[in-house]
2 protein chains.
Amino acid sequence: MSTAEETDGDNTPWSEVTPEAARRLLLAAVEAFAERGYHATTTRDIAGRAGMSPAALYIHYKTKEELLHRISRIGHDRALLLLETAADQDGTASERLADAVRSFVSWHAERHTTARVVQYELEALGEEHRAEIVALRRRSDAAVRRIIGDGVRAGEFDVPDVPGTTLAVLSLCIDVARWFNAQGSRTPEEVGTLYADLVLRMVGATPKQ
Amino acid sequence: MSTAEETDGDNTPWSEVTPEAARRLLLAAVEAFAERGYHATTTRDIAGRAGMSPAALYIHYKTKEELLHRISRIGHDRALLLLETAADQDGTASERLADAVRSFVSWHAERHTTARVVQYELEALGEEHRAEIVALRRRSDAAVRRIIGDGVRAGEFDVPDVPGTTLAVLSLCIDVARWFNAQGSRTPEEVGTLYADLVLRMVGATPKQ
DNA sequence: GAGCGCTCTAAGCGCTTGCTCAGGTTCGCG
DNA sequence: CGCGAACCTGAGCAAGCGCTTAGAGCGCTC
C-alpha cells in the first residue's frame, strides 16, 4: 500500500509529507480519527500507532489540531482536483458529470478512512483553518454547479433547481465516506458507476442511445 | 413501546421524557452534542445549559452515554415511524416513496439538531446500545427497500440495483441533517419536496401526467 | 410536626488529557 | 575525532474530565 512513492497518483496520496516519521504520524492520525473521531482520539494513541512516544508528535506538529488541518487540507485538495479536472474536460455535460461523480465517489470509497476525517471533522478545526477549508469546499460546489449549469443551457439536463440539485449531488457523494465498508460486497469502482448513473437520472439527462 | 402521550406529533417531540428536569437536561444535551459532538461535550456544559449543577445530571441519568442513547433511541423511533407509515399506506409506489422522502427529509431539516446527533454519533454508543439502534436502522432500510421493490414489480420504477439504490436514497436523505441550516433560504418543506422529486428521478419513476 | 423520599448542590476524588522539557542518541561534515 | 543539528524519549505538569458523596431544602403523609 504505502511503500512505493514518486507518482502522486491515487495510490500514494501522502508522498508530499516528509520526513518519513511525520508521514507515519499523519497516517496513524488518519486511522485513529476515522475510527474514533478527532475528540475521542488521544495524542498518546496517535503516537502509539506510529510506534513513537507521545512527545515525538510535537517535534513534527505544533498541536493535535495541526495534524487534523494537514489531513483535511491534503484531502480537500485531492477531492477538489478530481472535480475540477472533470469539469474542465472536453465532452458533453453528461460525460463530464458522470466522470466527476465516478472519480469523486470512488475516491471517497477507496480512501474512506481519509475521507471520513476530511468530510466529518470540519467542526474540530480552529477558526482560520476552518475558513481556509470552507473556501476549498465552495470551489467544489462551484465545479459541480458549472457542469450542471452547462448541461441545462445545452438542453441536455432538466433541472428546475440548480443550486439545490448541486447541493444534493455533492451531499450524496460525500456521504459515501460514512457508510462505505471495505469488507462490503461492492468495490469502490462499482459504487462510483452506480452513483454516476443515479446522478445522471437526478439531473434528467437525456438517456444516451 | 412508549405510553401514549396525547399528541405525540412533530411539535412536541420530547413529551415522553419526564420529569421536566430530565427533559431539560436531554434538550440541553441534544443542543450541545449537535454543536460540538458527543466527545467534545462535557457533563458540566450539559448541566450548565439546563441551569443545574453537574451532579444533577446523575440523578436522572446513570451516565453521559445513557443521555446519548435516550436521544438516539427516541430519534430513531420517530424516523422509523415516518418511513414505515409511508410504506404501509395505500397508493402507488411513487406516491408512497415521495411521501416517505418528503416526511423523512423535512423532519431531518426541521429537527436538524436532533437528527445530527441521531445520525452522526452512533459510534459513541456502547456495545449493546449500538446494536439496538442498528436494528432500528435495518428496519428503516427495509421499509424503503420494500417501497422500491413494490415499484419495480409494478413496473412503475426502473431500478437495476435495488439494494444499492435504497442505500443511496437513505444516505441522501440522512445527510440533510449535516448541511441543513436554519438560517438558510430553504424551508424544511421545500427541501422535502425537492428531494422527493430527485428520488423519484433516481428510481426512474414514470413521470405522472 | 416528625419522618420520609425526592431533587438538587458544593466539594472533590481519581484519572486522563494536551502538551513541555531536560537530556540522550544518531548522523553528516570539518 | 569533535561538533552541531535533527530526532526522539521518560518523566511529569497543569488543567479538565466523568462521576461520587455528604448533606441541604422541599413538599408530602400520618
Side-chain angles (χ1 to χ4, degrees), chain A residues 5 14-72 117 121-130, chain B residues 14 16-72 117 121-130:
Chain A
E5 306 299 333
W14 304 112
S15 54
E16 64 219 84
V17 182
T18 53
E20 197 250 348
R23 180 167 50 241
R24 255 177 32 232
L25 283 163
L26 203 106
L27 277 163
V30 168
E31 243 184 69
F33 291 164
E35 262 177 43
R36 310 216 221 286
Y38 175 80
H39 288 292
T41 300
T42 69
T43 54
R44 284 166 234 267
D45 183 18
I46 297 169
R49 285 178 198 243
M52 298 178 185
S53 82
L57 199 152
Y58 293 90
I59 291 156
H60 301 281
Y61 303 95
K62 269 210 296 279
T63 62
K64 178 180 153 188
E65 193 264 356
E66 192 193 319
L67 259 169
L68 177 63
H69 173 241
R70 283 274 240 280
I71 294 166
S72 198
V117 179
E121 302 287 347
L122 284 198
E123 313 269 291
L125 286 170
E127 203 68 35
E128 303 147 36
H129 286 163
R130 182 159 64 244
Chain B
W14 304 112
E16 64 219 82
V17 183
T18 52
E20 198 250 347
R23 180 166 51 241
R24 252 176 34 233
L25 283 164
L26 204 106
L27 277 163
V30 167
E31 242 185 70
F33 291 163
E35 261 177 43
R36 308 215 222 287
Y38 175 80
H39 288 291
T41 300
T42 69
T43 54
R44 286 162 174 83
D45 182 19
I46 297 169
R49 285 178 198 243
M52 297 180 183
S53 83
L57 198 152
Y58 293 89
I59 289 156
H60 301 282
Y61 303 95
K62 270 211 295 280
T63 61
K64 178 180 153 188
E65 192 264 356
E66 192 194 320
L67 259 170
L68 176 61
H69 173 241
R70 282 272 239 281
I71 294 165
S72 197
V117 179
E121 302 287 347
L122 284 197
E123 313 268 292
L125 287 169
E127 202 68 35
E128 304 146 36
H129 286 162
R130 182 160 63 243

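Within every chain, numbering begins at 1; the chains are lettered A, B, ... in the order of the sequence lines, protein sequences first and strands thereafter.
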Exercise. With sequence neighbours excluded, what pairs up with B:R130 under the side-chain hydrogen bond (donor to acceptor under 3.5 Å, both in side chains) test?
Worked result: none

Exercise. Under the side-chain contact (heavy atoms from CB on, under 4.5 Å) test, which residues partner A:E128, sequence neighbours left out?
Worked result: none

For this session: Taking A:Y61 for its side chain and A:A22 for its backbone only, find out whether a donor-acceptor pair lies under 3.5 Å.
Result: yes

For this session: Using heavy atoms and a sub-4.0 Å distance, could you list which residues of residues 59-67 of chain A are near DNA chain C? By number, please.
Result: A:T63, A:K64

For this session: Under the ring pair (Phe, Tyr, Trp, His ring centres under 6.0 Å) rule, collect the residues that match up with B:H69, sequence neighbours excluded.
Result: B:H129

Problem set entry | Nearest-0.5 Å distance that lies between atom CD1 in A:I46 and atom CG in A:L25 | 8.0 Å

Problem set entry | Residues in contact with DNA chain D, drawn from residues 39-58 of chain A - heavy-atom cutoff 4.0 Å | A:R44, A:M52, A:S53, A:A55, A:A56

Problem set entry | side-chain hydrogen bond (donor to acceptor under 3.5 Å, both in side chains) partners of B:E121, counting only residues at least two apart | none

Exercise. Distance from A:L27 atom CG to A:R24 atom CZ, nearest 0.5 Å?
Worked result: 10.0 Å

